[in-house]
Amino acid sequence: METFGARLHRAVAERGPLCVGIDPHPGLLADWGLTDDVDGLDRFCRTVVEAIGDRVAVVKPQSAFFERFGSRGVGVLESTIRQLRDLGALVLLDVKRGDIGSTVAAYASAYLDPSSPMYVDAVTASPYLGVGSLAPMFSTAAEHGGGVFVLALTSNPEGASVQRAVGADGRTVAQTVIDEISQLNRGAEPLGSFGLVVGATVGETGHDLGSVNGPLLAPGLGAQGGTPAGLRTVFGAALPSVLPSYSREVLGAGPDPDALRAAAERALAECRSALDAVG
């Protein structure tokens, strides 16, 4: 069975280092001339999938914008996941789940078990009940060739008070998360399946990301203020492991599919240039 890390490594080699988010919030639906309901959601997602599903390495739907419409919205999410996978894109579901015991095991089954209608290649997860609380998610991912991206250093101003708090051993909470994920990826080739989320706008972090041996998702590029050139400041020597992520910068070009494709191609070209400059 091929691991998520291996699939991601191949997808980036074939399609380039780019993740595009699908974040159908009310303002964006309005900008596209769509109604803020399930029909508008469905049309939005079908357009995005048609435009980029066969050319972007990773697509990241934000679950909350589907869940707000209840079961019919979740149905659109399930359909979008299937369409993207049929077109060869890896699907990273942005759910940021985190819990303990049987509950986190249920989340793992929902997203990382191939028998589930919500099955995706990888999910985002919150480690702030302790990284060890996510063990059922890690084990389910490993069993079925999935991946987990764990929040480490986020761009929101509230995050720093928790993530940069210093423990008794002198490490920040974020560094503890980084180190534990690094252990999960030890010895994996060509890339580990367990990644970290590090915001593209956090600047110089003072944290050691060099031993993660897994993907580093960098959201916040484009409309949120992050730039491909600034990724070197954030990630330093770990830059080759970065998966840049855009959302509004690409989605704002819609609803014309050609314009969406052009926006994704521009973003990819900028990311290639920044990542190729490492060394």
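On a predicted model such as this, the values are computed, not experimentally measured, just so you know.
Annotation: the span from Thr205 atom OG1 to Arg164 atom CZ amounts to 6.5 Å, rounded to 0.5 Å. Rounding to the nearest 0.5 Å places CG of Leu41 at 7.0 Å from OG1 of Thr80. The distance from the CD atom of Glu180 to the CG atom of Leu134 is 9.5 Å, given to the nearest 0.5 Å. Separating the CD atom in Gln163 from the CD atom in Glu158 is a distance of 10.0 Å, to the nearest 0.5 Å.
Residues Leu275 and Leu239 meet the side-chain proximity criterion, which asks for heavy atoms closer than 4.5 Å. Contact of the Pro228 side chain with the Leu221 side chain is registered, since non-hydrogen atoms from C-beta on lie closer than 4.5 Å. No side-chain heavy atom of Ile181 sits under 4.5 Å from any side-chain heavy atom of Val148.
Atom CD of Glu189 sits in a sparse spot, with 12 or fewer heavy atoms from other residues, nucleotides or ligands closer than 6.0 Å.
The minimum heavy-atom distance between Ala174 and His207, with the atom names listed, is CB-NE2, 3.8 Å. Contact between Glu143 and Met1 at its shortest, heavy atoms only, is O-CE, 3.1 Å. Considering every non-hydrogen atom in both Thr124 and Lys96, the closest pair reads OG1-N, 2.9 Å. In terms of heavy-atom proximity, Ser109 sits nearest to Ser116 at O-CB, 3.4 Å. Closest approach of Leu209 to Val212, counting heavy atoms only: O-CG2, 3.3 Å. The two residues Tyr128 and Ala152 have their closest heavy-atom pair at OH-O, 3.4 Å.
Partners of Tyr107 according to the ring pair (Phe, Tyr, Trp, His ring centres under 6.0 Å) rule, which considers only residues two or more places apart in sequence or in another chain, do not exist here.
Follow the hydrophobic side-chain contacts under 4.5 Å out from Leu217 and you never reach Val202; the two are in separate clusters. Residue Tyr111 is not grouped with residue Leu92 when hydrophobic side chains (ILVMFWY) are merged at heavy-atom distances under 4.5 angstrom, including chains of intermediate members. The hydrophobic clustering, which links ILVMFWY residues whose side-chain heavy atoms are closer than 4.5 Å, places Val123 and Leu90 apart.
For the residue pair Asp179 and Gln175, a side-chain donor N or O sits within less than 3.5 Å of a side-chain acceptor on the partner.
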Discussion item. Test side-chain contact (heavy atoms from CB on, under 4.5 Å) on Phe66 and Val74; report intermediate values, then the result.
Written reply: CA-CA 6 Å; Phe66 296 83; Val74 173; 5.5 Å; no
Fill in: From CA spacing to verdict: side chain to side chain donor-acceptor pair (under 3.5 Å), Thr201, Ser155
CA-CA 6 Å; Thr201 60; Ser155 298; 2.8 Å; yes
Discussion item. For a side-chain contact (heavy atoms from CB on, under 4.5 Å) check, start with the C-alpha distance between Asp23 and Gln62, then their side-chain angles and the critical distance, and finish with the verdict.
Written reply: CA-CA 5 Å; Asp23 299 349; Gln62 168 47 257; 3.2 Å; yes
Practice prompt. Output, in order, the C-alpha distance, side-chain angles, deciding distance and verdict of side-chain contact (heavy atoms from CB on, under 4.5 Å) for Asp36 and Phe69.
Written response: CA-CA 9 Å; Asp36 186 23; Phe69 294 111; 3.4 Å; yes
Practice prompt. Evaluate side-chain contact (heavy atoms from CB on, under 4.5 Å) for Phe65 paired with Asp94, printing each intermediate quantity in order.
Written response: CA-CA 10 Å; Phe65 291 117; Asp94 196 355; over 6 Å; no
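Ion pairing between Asp208 and Arg171 fails under the 4.0 Å rule for side-chain N and carboxylate O. Between Arg55 and Glu265, at least one side-chain nitrogen of the basic residue sits less than 4.0 Å from a carboxylate oxygen of the acidic one, meeting the salt-bridge criterion.
Using cut-offs of 30° and 60° on the angle between ring planes, the pair Trp32 and Phe44 is tilted.
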